[in-house]
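Computed from a prediction, not measured in an experiment: that's the story for all the values here. By convention here, the first residue in the shown sequence is residue 1.
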Amino acid sequence: MTTPDAPSPAASDPAPADPAPADRDAAPQYVLPLVVRIERATPPGPPARADALGTAARAVLALLSDERATDPGGDWHRLVRAWQDGRIRKVVRRARGAEWRRVQALPGITVTGPGAEGSVDAGGTAPAEVRVFPPVPLDGWPKELARLQVSGTELTDPAPPVVPASGTPVLWLNPALEMSAGKAMAQAGHGAQFTWWALDDDTRAAWRAAGFPLAVRTAPPGRWAELTASGLPVVRDAGFTEIAPGSATVVADHPALRR
């Protein structure tokens with residue numbers, strides 16, 4: 001579920017034009033900050049990995065569809081458009097205790113997951129909580145976010161995630177890549193954003209009204225080549241962290257995109 005601190009979402013802008021890489025790099029660079037709550041104490045302890053990845057993806061969708069981002073007069077509209085005109089960087093940081101309480105005071109949207117989403121056994125993990133903020137300049141983070149750590153977002157699933165129900169949008173992760181949970185959360189956010197851009201207005205509205213149901217799963221190794229050749233949106237990483245430039249990280253598989 002989403003917990004916005006402003007009016008309910010409105011229809012999103014269409015996808016921006018796809019400029020050449022040189023043009024994207026020449027534009028002022030912004031980054032979309034996401035903060036995941038990871039407590040040391042048990043309970044609640046850290047969330048399950050699948051829940052955290054899915055919650056990060058839904059957080060990105062919540063921001064993209066929020067009227068503060070979509071309305072030309074909205075507080076976030078200019079920042080979101082400037083961010084989308086460059087490279088759509090996302091950085092995931094972690095917070096706990098007082099840090100988490102402090103970031104709630106900054107403009108943004110907190111999204112809470114269902115718990116160990118899609119797992120056979122919740123295993124006592126707390127539901128994932130991710131707060132997404134409007135884009136910030138690459139070198140101009142608010143101090144409350146800049147002081148948070150990027151490392152330390154290693155998460156596990158208490159049990160293997162089950163196969164998503166038929167009709168559920170799935171963000172398939174590349175089974176050949178090793179990514180930290182924070183990196184995978186950012187990639188899932190990219191996949192959600194690519195999906196949003198590819199959908200028509202009616203499908204977007206229905207998905208939003210349903211609460212953005214989706215799952216993030218690692219693709220079976222034997223299916224990855226098929227998925228990347230299917231015509232579905234594919235995320236290719238710029239190679240700033242962890243993996244090689246141009247690596248295919250996510251295939252966005254929404255049922256509406258297969259029709």
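- Cation-pi geometry between R223 and W172 is met: under 6.0 angstrom from the ring centre, within 45 degrees of the axis.
- The two residues L232 and A252 have their closest heavy-atom pair at CB-O, 3.5 Å.
- For A69 against V80, the heavy-atom pair with the smallest separation is CB-CG2, 3.8 Å.
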Quick one: do S180 and E154 satisfy side-chain contact (heavy atoms from CB on, under 4.5 Å)? Show the steps, please.
-> CA-CA 6 Å; S180 67; E154 291 311 313; 3.1 Å; yes

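- Interatomic distance, CG of L32 versus CG of L63, reported as 6.0 Å (0.5 Å rounding).
- The backbone N or O of A52 lies less than 3.5 Å from no partner atom in the side chain of T55, so there is not a single donor-acceptor pair.
- In this structure, D237 and I243 approach most closely via the heavy-atom pair OD2-CG1, 3.4 Å.
- Atom-to-atom distance recorded for R102:CZ and K143:NZ is 10.0 Å, nearest 0.5 angstrom.
- At least one donor-acceptor pair closer than 3.5 Å links the side chain of E39 to the backbone N or O of G97.
- Residue L145 holds its CG atom at 10.0 Å from CZ of R131, rounded to the nearest 0.5 Å.
- Shown here for V250 and A188, the closest heavy-atom pair between the two residues is CG2-N, 4.3 Å.
- In R78, the CZ atom is not crowded: 12 or fewer heavy atoms of neighbouring residues, nucleotides or ligands sit closer than 6.0 Å.
- One distance of note links CH2 of W76 with CG of L64; it measures 11.0 Å at 0.5 Å rounding.
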So F133 and W141, ring pair (Phe, Tyr, Trp, His ring centres under 6.0 Å) or not? Walk me through it.
-> CA-CA 11 Å; F133 304 87; W141 286 65; 8.7 Å; no

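- Note that CH2 of W83 and CG of L138 are 13.5 Å apart. Values are rounded to the nearest 0.5 Å.
- With E129 as reference, R37 is the one residue of R37, R101, R94 to meet the salt bridge (Lys or Arg N to Asp or Glu O under 4.0 Å) rule.
- Remark: the backbone N or O of L199 is not paired with any side-chain donor or acceptor of T203 at under 3.5 angstrom.
- Under a 3.5 Å cut-off, the side chain of D71 and the backbone N or O of G73 do form a donor-acceptor pair.
- Contact record, G182 with V92: O-CG2, 3.5 Å, taken as the closest heavy-atom pair.
- Q193 and K90 are linked by a side-chain donor-acceptor pair at a separation below 3.5 angstrom, with hydrogens and angles left out of the test.
- For R208 against W196, the heavy-atom pair with the smallest separation is NH1-CH2, 3.7 Å.
- Put simply, OG1 on T70 and CZ on R81 are 11.0 Å apart, with the number rounded to the nearest 0.5 Å.
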